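Lettering follows sequence order; numbering is per chain, from 1. What you see is a predicted model; the values in this text were computed from it and never measured.
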Protein chains: 2
Amino acid sequence: MDIRRALKLAGLEPVHLGLKAREHLFHTGDRILRMYLVLEGRLTMVRTLESGQELVVQRAGPGEFLAEASLFADRYHCDAICETDIACEVYDKRDLFTALGERDVSIAILEAYSRSIRILRSQIELRNIKRADDRVLAYLTLLPADEDGWRYPSLSWKDVARTLGLSHEAVYRALAALTRGNRIERAENRIRPA
Amino acid sequence: MDIRRALKLAGLEPVHLGLKAREHLFHTGDRILRMYLVLEGRLTMVRTLESGQELVVQRAGPGEFLAEASLFADRYHCDAICETDIACEVYDKRDLFTALGERDVSIAILEAYSRSIRILRSQIELRNIKRADDRVLAYLTLLPADEDGWRYPSLSWKDVARTLGLSHEAVYRALAALTRGNRIERAENRIRPA
DNA sequence: CGTCCGCTTGACTCAGATCAAACTTGGTGG
DNA sequence: CCACCAAGTTTGATCTGAGTCAAGCGGACG
């Protein structure tokens, strides 16, 4: 448990916390004020989609530090539920930042990592969408938009197909179907969800 | 380009480097001695699978720091190919580590992030395997093994199904097929690729 | 001018999703 | 202690939608 020693060396004082199985460590929407290091037990991070479907975002066990999702976010976007009884250490987020050196190389790099993680997670979530047209639409919606909602894809559709885990034919057909169903508008090099 | 300022403040001196489209920034197997910050242009990280299939692992553009995959690894496991002409800054990896404070909280947390990233990437790679039995087999192979090659899955097969993006029926059928084809051995609570 | 590549659509196939039903196991509560 | 319930496991039958093969179009580039 390397990280624990490092935290101790940095002069951070954890508070201990125990929870029973099925209790929540935090809920979606809670302010992120603390970071947790799991000592014993397992917990599951669950994201509930608008559709009501529950998605296991991550599982954490002994030695894992629940920070990735949270260091640079303000509020949680998932629930943390104990699979078993757990023991963990609680660190104050602001203390941690001070220990990291506030606006420092470490923070800058961590932020870059954090961005990568978010992108990877969103890619996995995209792949959980089974229908090709829904998946393509979700991909388009995630793209940065201008003030009118237009997106300017930087990848060829063929590459989009690869990142979505679809054949390029499936993507073309999805685009055609979405256009037919008035779920997107296409014009030259731009595209917009309706 | 926040990270650049932070690196400068930390006293790190970059070397500038320009490459033409289609040139390689690094190859699979190269020692990782430098970190790159992209200033202009785009590049693609490509991983070549044993099957010969090429997999786009990541794309990077201006402001991105090519470090995630590499800070805690010794050698690259992908090729970086310039899509366009590019300009970047080159930092020495060891200097960077010194600036981060060697064995410090930052490093410990970065390592945790790094692990998450690797796990997420492997999950995406799993999903690129189309056939259910191959995907399940690949998943099992990734699991930690004891000295005899046995794995002790910690998830119910139903949860495995969810993480693999398959229905649970498909996973059970895949396991049955793999057992029939002698591609795995099962016993009680453990399982082993043949 | 020819070639390559991205784009687009059609036809057919097949693997995985879905629905359904039965069995096992562990846990709860009367 | 046992009835009962919930959840995971297992197998069968059917259906659907994405992969694959095939073919044609147009623009870019040498």
Side-chain angles (χ1 to χ4, degrees), chain A residues 20-22 42 44 46 51-56 59 81-85 126-140 152-181 183-184 186-191, chain B residues 20-22 42 44 46 51 53-56 59 81 83-85 126-140 152-181 183-184 186-191:
Chain A
K20 298 267 171 212
R22 284 194 244 151
R42 290 217 137 266
T44 314
V46 178
S51 66
Q53 191 194 349
E54 295 203 337
L55 194 64
V56 174
R59 291 172 76 238
I81 306 166
C82 303
E83 287 180 28
T84 64
D85 296 0
L126 280 178
R127 300 229 177 177
N128 283 325
I129 303 175
K130 289 168 305 284
R131 288 186 54 84
D133 45 7
D134 291 341
R135 196 186 300 181
V136 171
L137 182 56
Y139 169 82
L140 292 172
Y152 301 80
S154 67
L155 274 67
S156 70
W157 292 118
K158 230 174 162 173
D159 286 331
V160 171
R162 257 191 291 272
T163 69
L164 292 180
L166 295 168
S167 66
H168 60 278
E169 294 96 327
V171 170
Y172 294 128
R173 279 189 255 269
L175 288 169
L178 289 168
T179 312
R180 264 198 310 278
R183 300 210 280 154
I184 58 170
R186 295 180 70 180
E188 267 312 298
N189 60 343
R190 56 186 194 174
I191 191 162
Chain B
K20 298 271 174 209
R22 288 199 240 149
R42 289 216 136 265
T44 315
V46 179
S51 67
Q53 190 194 349
E54 295 202 339
L55 193 64
V56 174
R59 293 173 73 239
I81 306 166
E83 287 180 29
T84 64
D85 296 0
L126 279 178
R127 301 231 177 175
N128 282 326
I129 303 174
K130 289 168 306 287
R131 287 188 55 83
D133 46 5
D134 291 342
R135 196 187 299 181
V136 171
L137 183 56
Y139 169 82
L140 292 172
Y152 302 80
S154 67
L155 275 67
S156 70
W157 293 118
K158 225 171 166 177
D159 286 331
V160 171
R162 259 191 291 271
T163 70
L164 291 180
L166 295 167
S167 65
H168 61 277
E169 295 96 327
V171 170
Y172 292 125
R173 278 189 253 269
L175 287 168
L178 289 168
T179 312
R180 264 199 310 278
R183 301 210 278 154
I184 58 169
R186 296 180 70 181
E188 268 312 295
N189 61 345
R190 55 186 196 175
I191 193 163

Whole Å only: how far is the [atom1] atom of [X] from the [atom2] atom of [N]?
X	N	atom1	atom2	answer
B:N128	D:dG19	CG	P	11 Å
A:R127	D:dA18	CZ	P	14 Å
A:D134	D:dG17	CG	P	11 Å
A:D133	D:dA18	CG	P	7 Å
A:I129	C:dA17	CD1	C1'	17 Å
A:E83	D:dA7	CD	C1'	15 Å
B:R131	D:dG19	CZ	P	15 Å

Less than 4.0 Å between a side-chain N and a carboxylate O, is that true for [Y] and [X]?
X	Y	result
B:R59	A:D159	no
A:E83	A:R22	no
A:R183	A:D134	yes

Side-chain heavy-atom pair A:R173, A:V136 within 4.5 angstrom cut-off: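 Side-chain contact under 4.5 Å: no.
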So, the side chain of B:R127 versus the backbone of A:G165: is there a donor-acceptor pair under 3.5 Å, distance only?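 Between the backbone of A:G165 and the side chain of B:R127 there is no qualifying donor-acceptor contact (under 3.5 Å).
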How far does CH2 of A:W157 sit from CG of A:L166, to the nearest 0.5 angstrom?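 Rounded to the nearest 0.5 Å, the CH2-CG separation comes out at 12.0 Å.
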Filtered N/O pairs between nucleotides 8-12 of chain D and protein, under 3.5 Å:
from: D:dG8; atom 1: OP2; to: B:K158; atom 2: NZ; distance (Å): 3.2
from: D:dT9; atom 1: OP2; to: B:W157; atom 2: N; distance (Å): 3.0
from: D:dT9; atom 1: OP2; to: B:K158; atom 2: N; distance (Å): 3.2
from: D:dT9; atom 1: OP2; to: B:Y172; atom 2: OH; distance (Å): 2.6
from: D:dT9; atom 1: O5'; to: B:Y172; atom 2: OH; distance (Å): 2.8
from: D:dG12; atom 1: N7; to: B:R173; atom 2: NH1; distance (Å): 3.1
from: D:dG12; atom 1: O6; to: B:R173; atom 2: NH2; distance (Å): 3.3

